[in-house]
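From a predicted model like this one, the values you see are computed outputs, not experimental measurements. Position 1 is the first residue of the sequence; numbering continues from there.
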Amino acid sequence: MPPTTEDDPQPGAYRPYLSARYPGVGKAPAEPIWRVLVHHKHLEQWKRIMERCGESNANELWEHLTTQPNQPPRLGTVTPMKGKQYAATSDGMSRVYHYEVTGGARVDYRFNAEYVTAPGEDKHRVVQIISIDLGSH
């Protein structure tokens with residue numbers, strides 16, 4: 001696993017989630033429309049997405065999460081998860097969606113187009129990555 005550096009995202013208003021960094025090489029090709037947050041337990045796995053899935057697949061995942069998590073992806077497969085534990089939450093988060101990055105990796109996420117960290121704060125479009133599985137199914 002890559003070592004933790006001072007460039008890693010720091011906890012803030014979205015605890016226990018951290019802002020996810022672009023998984024590709026260099027800067028993201030476009031400014032994100034949606035903020036991508038990764039649960040702190042999955043940060044090391046997030047850092048390994050490109051290594052595990054390849055740059056092209058990591059870029060497709062990033063593009064989907066930052067531009068249209070509420071729409072079907074241009075490439076790849078997104079499936080809504082079934083069961084009560086995956087249902088939409090009372091705070092406005094969507095049900096859980098399962099993004100198949102490759103045959104060997106998947107990312108589960110929720111989104112909210114009007115997320116606020118505290119009453120009276122600005123609304124933000126956020127995607128919460130709640131699970132990353134880098135193993136094969």
Side-chain angles (χ1 to χ4, degrees):
M1 287 187 193
T4 302
T5 69
E6 61 185 50
D7 290 336
D8 284 343
Q10 299 301 310
Y14 297 104
R15 270 189 189 135
Y17 292 88
L18 305 166
S19 293
R21 302 281 194 251
Y22 174 64
V25 177
K27 292 189 83 167
E31 187 72 26
I33 298 168
W34 293 73
R35 285 184 191 184
V36 179
L37 308 170
V38 62
H39 195 282
H40 70 90
K41 294 188 300 188
H42 304 295
L43 182 59
E44 293 304 318
Q45 291 170 306
W46 176 256
K47 291 181 193 178
R48 294 181 53 220
I49 287 279
M50 190 177 79
E51 165 193 321
R52 178 76 167 116
C53 303
E55 188 171 0
S56 175
N57 289 325
N59 286 338
E60 287 296 330
L61 170 65
W62 181 257
E63 181 180 334
H64 174 70
L65 294 176
T66 60
T67 63
Q68 58 179 16
N70 56 344
Q71 309 269 327
R74 292 181 199 154
L75 297 173
T77 304
V78 171
T79 308
M81 301 289 282
K82 295 179 182 175
K84 287 183 182 179
Q85 71 271 30
Y86 302 116
T89 62
S90 61
D91 65 355
M93 295 304 290
S94 72
R95 69 181 310 144
V96 175
Y97 290 87
H98 173 86
Y99 185 103
E100 187 90 17
V101 183
T102 66
R106 64 184 183 196
V107 173
D108 295 339
Y109 67 92
R110 296 178 183 268
F111 58 85
N112 184 338
E114 297 184 345
Y115 187 80
V116 293
T117 56
E121 295 290 325
D122 291 339
K123 295 177 183 179
H124 302 279
R125 292 180 176 188
V126 298
V127 175
Q128 291 178 339
I129 297 174
I130 58 171
S131 176
I132 299 174
D133 181 0
L134 296 181
S136 60
H137 326 320

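Once rounded to the nearest 0.5 Å, the distance linking CZ of Arg125 with CZ of Phe111 reads 11.0 Å. Atom CD1 of residue Ile129 and atom OH of residue Tyr17 lie 9.5 Å apart, to the nearest 0.5 angstrom. Rounding to the nearest 0.5 Å places CD1 of Ile132 at 11.5 Å from NZ of Lys41. Glu60 contributes atom CD, which lies 13.0 Å from atom OG1 of Thr102 (distance to the nearest 0.5 angstrom). If you take CD1 on Ile130 and NE2 on His39, they are separated by 9.5 Å, rounding to the nearest 0.5 Å. The distance from the CG atom of Leu65 to the CD1 atom of Ile33 is 12.5 Å, given to the nearest 0.5 Å.
The side-chain contact (heavy atoms from CB on, under 4.5 Å) test applied to Thr89 returns Asp91, Met93, Arg110, not counting sequence neighbours. Remark: Ala87 engages no residue in a side-chain contact (heavy atoms from CB on, under 4.5 Å) (not counting sequence neighbours).
Counting only distance, with no hydrogens or angles, the side chain of His40 and the backbone of Leu18 share no donor-acceptor pair below 3.5 Å. Counting only distance, with no hydrogens or angles, the side chain of Asn112 and the backbone of Gly92 share a donor-acceptor pair below 3.5 Å. Remark: the backbone N or O of Val126 is not paired with any side-chain donor or acceptor of His124 at under 3.5 angstrom. Under the 3.5 Å distance criterion, the side-chain polar atoms of Trp46 are left unmatched by any main-chain donor or acceptor of Leu37.
Tyr97 and His64 share no donor-acceptor pair across their side chains, judged by distance under 3.5 Å alone.
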Tyr115/Arg35 under side chain to side chain contact (heavy atoms under 4.5 Å, CB included): CA gap, chis, key distance, verdict
CA-CA 10 Å; Tyr115 187 80; Arg35 285 184 191 184; over 6 Å; no
Check step by step if side chain to side chain contact (heavy atoms under 4.5 Å, CB included) holds for Thr117 and Asp122.
CA-CA 8 Å; Thr117 56; Asp122 291 339; over 6 Å; no
Side chain to side chain contact (heavy atoms under 4.5 Å, CB included) between Met50 and Trp62, worked out:
CA-CA 10 Å; Met50 190 177 79; Trp62 181 257; over 6 Å; no
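In this structure the side chain of Tyr109 never reaches within 4.5 angstrom of the side chain of Ser94, judged on heavy atoms.
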Do any side-chain atoms of residues 67-86 form donor-acceptor pairs under 3.5 angstrom with protein atoms, and if so which ones, sequence neighbours left out?
{"unit_1": "Thr67", "atom_1": "OG1", "unit_2": "Glu63", "atom_2": "O", "d": "2.5"}
{"unit_1": "Gln68", "atom_1": "NE2", "unit_2": "Pro72", "atom_2": "O", "d": "3.4"}
{"unit_1": "Arg74", "atom_1": "NH1", "unit_2": "Glu63", "atom_2": "OE2", "d": "2.2"}

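Pairing each heavy atom of Gln45 with each of His42, the nearest pair is OE1-ND1, 3.0 Å. Summarising the geometry of Ala105 relative to Cys53, their closest heavy-atom pair is CB-SG, 3.3 Å, with the distance given to 0.1 Å.
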